[in-house]
Student: 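Handing you a structure now.
Side chains are part of it too, since the values below use all heavy atoms of this structure and drop only hydrogens, waters and symmetry mates. Nothing fancy with the numbering, it's 1 onward along the sequence. Being a predicted model, the structure only gives us computed values, none of them experimental.
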Amino acid sequence: MRLLRALCLAGVMFLIGYGLAAWKLFPAAHDPTDVDFTEVPDLMGTPFDDADRQLAELGFVPVERGRLNHEEVAAGAVIAQRPLPGQVARTGDTVVLTTSAGVETRIVPDLAGLPTNEAATLLTRLGFDIDVEETEGVATVGAIRTEPAAGTRLTLPARVRLFVSQGRAIVSVPDLRGRHVDDVGALLEELELRLGAVRYQVDAPDVQGRVIFQSPEPGSSLRGEGRVSVIIAGTPPDSIPAGPAGQEG
């Protein structure tokens with residue numbers, strides 16, 4: 001009996017020890033369904049601070065990641081979220097929010113004096129739609145101005161009118177040879193040309209005060225505001241001939 005009793009006691013102790021060892025070494029697998037799931041609310045259009053508070057109250061961890069321009073949603077409000085509205089997530093999960101940076105704006109740059117292609121390209125790269133309009137009778141070649149004016153801040157999409165010029169009209173240089181120097185300036189101004197350098201040739205034949213040479217030559221093409229230089233026969237009007245030695249002027 002004693003032996004039987006000892007054997008029973010040893011068996012019981014063995015079973016208890018085995019159970020404890022198995023419990024420590026091979027714990028029961030965690031049941032993945034034994035967690036709390038909560039539906040993610042629709043936060044679209046909600047200011048970030050309000051969305052942050054709502055998510056925290058539900059046990060989620062809100063994170064703002066990225067800001068994008070949006071034409072309709074005010075700056076700082078949610079425009080995208082992950083997980084999506086209506087999906088479920090576990091307590092402690094992260095909900096990623098993207099917020100609006102508001103409408104996109106650009107300032108119209110000062111393009112005056114730039115070549116037409118460069119001015120148009122710059123406006124396009126800034127996101128503007130452009131209309132190019134040529135203006136005549138302006139000496140400047142390239143961009144002149146914009147409408148709206150440079151410095152104006154516009155909300156995109158926006159259209160800008162770019163006014164450009166090819167410069168003055170091209171005219172044919174008149175024949176000035178034989179004309180008196182006093183008449184040359186007025187004749188050139190009628191054609192929107194200008195009188196350039198004026199030089200005198202003292203030893204020219206007896207055509208005093210008249211043009212004996214011009215540059216560019218007659219019939220040449222010259223853009224308005226261009227200059228025509230001439231050589232006049234005779235002595236410059238402001239020169240004083242030298243008198244005989246010892247004679248007072």
Student: Whether the side chain of E104 engages the backbone of N69 through a donor-acceptor N/O pair (distance < 3.5 Å, no angle test) should be reported.
Tutor: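 Answer holds: no.
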
Student: Applying salt bridge (Lys or Arg N to Asp or Glu O under 4.0 Å), can you list everything that pairs with D42, at least two apart in sequence or on another chain?
Tutor: none

Student: Which residue pairs satisfy the side chain to side chain donor-acceptor pair (under 3.5 Å) criterion with at least one member in residues 121-133, sequence neighbours excluded?
Tutor: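 Sorted result for residues 121-133: D131-R159, E133-R161.
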
Student: Would you say the side-chain atoms of S172 pair up with the backbone N or O of S221, donor to acceptor, closer than 3.5 Å?
Tutor: no

Student: Any idea which heavy atoms bring S100 and A74 closest together, and the distance?
Tutor: CB-O, 3.3 Å

Student: Is a side-chain N or O of T116 found less than 3.5 angstrom from the main chain of V164, in a donor-acceptor match?
Tutor: no

Student: Keeping the roles fixed (side chain from Q214, backbone from P174), state whether a donor-acceptor pair exists under 3.5 Å.
Tutor: yes

Student: Closer than 3.5 angstrom, by distance alone: can the side chain of D50 be matched with the main-chain N or O of P47 as a donor-acceptor pair?
Tutor: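 No, because the side chain of D50 does not come within donor-acceptor range (under 3.5 Å) of the backbone of P47.
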
Student: Would you say the side-chain atoms of R177 pair up with the backbone N or O of I212, donor to acceptor, closer than 3.5 Å?
Tutor: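 It does not hold such a pair.
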
Student: Which heavy atom of L162 sits nearest a heavy atom of A120, and at what distance?
Tutor: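 Minimum heavy-atom contact is CD2-N, 3.9 Å.
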
Student: Quick check against the 3.5 Å criterion: does D110 have a side-chain atom that pairs as donor or acceptor with the backbone of A112?
Tutor: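 Checking the backbone N and O of A112 against the side chain of D110, a donor-acceptor pair under 3.5 Å is found.
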
Student: To the closest 0.5 Å, what do you measure between CZ (R179) and CG (L188)?
Tutor: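 Answer for the CZ-CG pair, R179 versus L188, is 10.0 Å.
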
Student: Between I232 and V211, does the side chain to side chain contact (heavy atoms under 4.5 Å, CB included) criterion hold? Intermediate values first, please.
Tutor: CA-CA 5 Å; I232 309 297; V211 177; 3.5 Å; yes

Student: Holding to salt bridge (Lys or Arg N to Asp or Glu O under 4.0 Å), I want the full list of residues that pass it with E71, two or more places apart in sequence or in another chain.
Tutor: none

Student: Donor-acceptor check, side chain of Q87 to backbone of L84, threshold 3.5 angstrom: yes or no?
Tutor: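 Yes, Q87 side chain to L84 backbone: donor-acceptor pair under 3.5 Å.
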
Student: Calculate, to the nearest 0.5 Å, the distance between atoms CD and CG belonging to Q81 and L97 respectively.
Tutor: 6.5 Å

Student: With rounding to the nearest 0.5 angstrom, report the CG to CD distance, L58 to E39.
Tutor: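 Going from CG on L58 over to CD on E39, the span is 10.0 Å.
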
Student: Quick one: CD on E192 to CG on L222, what's the gap to the nearest 0.5 Å?
Tutor: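 The CD atom of E192 sits 11.5 Å away from the CG atom of L222.
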
